[in-house]
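The structure under discussion appears below in the form of structure tokens.
Here is how names work: the chains are called A, B, and so on, in the same order as the sequence lines, proteins then strands, and each is numbered from 1. Quick caveat, the model's predicted, so the values are computed rather than measured.
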Amino acid sequence: MLKFDDLDFIETVSAARKVTFPYIPGLLSFREAPACIAAAGKLTKQPDVFIIDGQGIAHPRRLGLAAHLGLFFNKPAIGCAKSRLTGKFEEPPLEKGGHTPLTDTNTAKRNPGLETIGAVVRTRTNVKPLFVSVGHKCTLADAVKITLACATKYRLPEPTRLAHHAVSKLRLHI
DNA sequence: GCGACAG
DNA sequence: ATCTTGTCGC
């Protein structure tokens with residue numbers, strides 16, 4: 001967990017769980033959520049917003065890992081995925097901060113038609129964009145702003161980058 | 001039936 | 001995700 005304004009380190013928590021479900025596109029929550037929930041339960045302070053390595057509502061059924069966890073925690077959550085699961089988009093400008101909408105066809109009888117489900121965001125100039133989407137309790141505009149605010153020198157936002165780093169170190173002890 | 005497919 | 005060497009660009 002990091003402090004939002006200056007990205008100062010606050011704490012790192014982790015949890016190890018045996019995999020009980022395979023990776024199936026669209027069903028990532030069933031594989032990842034248990035460990036995520038266990039780890040979050042160890043936090044000594046509650047975060048204001050979760051940045052999740054996966055999709056929010058940019059999901060075939062609008063319920064990606066970030067949406068799932070946000071609902072479970074009843075906290076704001078942002079889906080920050082490294083690649084696309086569903087939806088169409090135009091390549092965003094190559095400069096950091098450039099972004100285009102991620103759209104998908106909604107087949108629900110309520111509001112059929114094209115729907116914006118996320119944003120394709122360039123978090124670093126000339127580098128592959130990230131797929132940002134609302135997870136829970138936030139707007140897409142804020143999700144993009146927060147993602148960019150956390151992406152300083154690298155492609156991935158700092159919280160995600162530090163988490164990957166922490167996991168790599170933990171795996172050495174196994 | 002044929003592609004697409006978060007991590 | 002993981003395997004895996006050299007290489008391209010700022």
Notebook entry, point to check: Start at the 5' end of DNA chain C and walk down; is the nucleotide closest to A/Arg124 or to A/Arg31 reached first?
Noted result: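 Between the two, 5'-proximity favours A/Arg31.
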
Is there a side-chain contact between [X] and [Y], using heavy atoms and a 4.5 Å cut-off?
| X | Y | value |
| --- | --- | --- |
| A/Ile57 | A/His136 | no |
| A/Leu85 | A/Leu28 | no |
| A/Pro129 | A/Glu91 | yes |
| A/Val134 | A/Thr139 | no |

Taking all heavy atoms of [X] and all of [Y], pick out the closest pair and write down the distance.
| X | Y | result |
| --- | --- | --- |
| A/Thr160 | A/Asp53 | CG2-OD2, 4.1 Å |
| A/Thr116 | A/Leu140 | CG2-CD2, 3.9 Å |
| A/Phe50 | A/Ala40 | CE2-CB, 4.5 Å |

Look at all strands and tell whether [X] reaches a base, only sugar-phosphate, or nothing, counting heavy atoms closer than 4.0 Å.
| X | result |
| --- | --- |
| A/Ile52 | nothing |
| A/Gln55 | base |
| A/Gly26 | base |
| A/Asn126 | nothing |

Notebook entry, point to check: Can you give one letter per nucleotide of nucleotides 4-9 of chain C, going 5' to 3': B for a protein heavy atom under 4.0 Å from the base, S for sugar-phosphate only, - for none?
Noted result: ------

Check: Mind checking which nucleotides bracket the chain A contacts on DNA chain B, 5' to 3', with an atom under 4.0 Å from a heavy atom?
Finding: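 First and last nucleotides in contact are B/dA4 to B/dG7.
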
Next item on the list: Evaluate side-chain contact (heavy atoms from CB on, under 4.5 Å) for A/Val49 paired with A/Cys138, printing each intermediate quantity in order.
Entry: CA-CA 9 Å; A/Val49 55; A/Cys138 75; over 6 Å; no

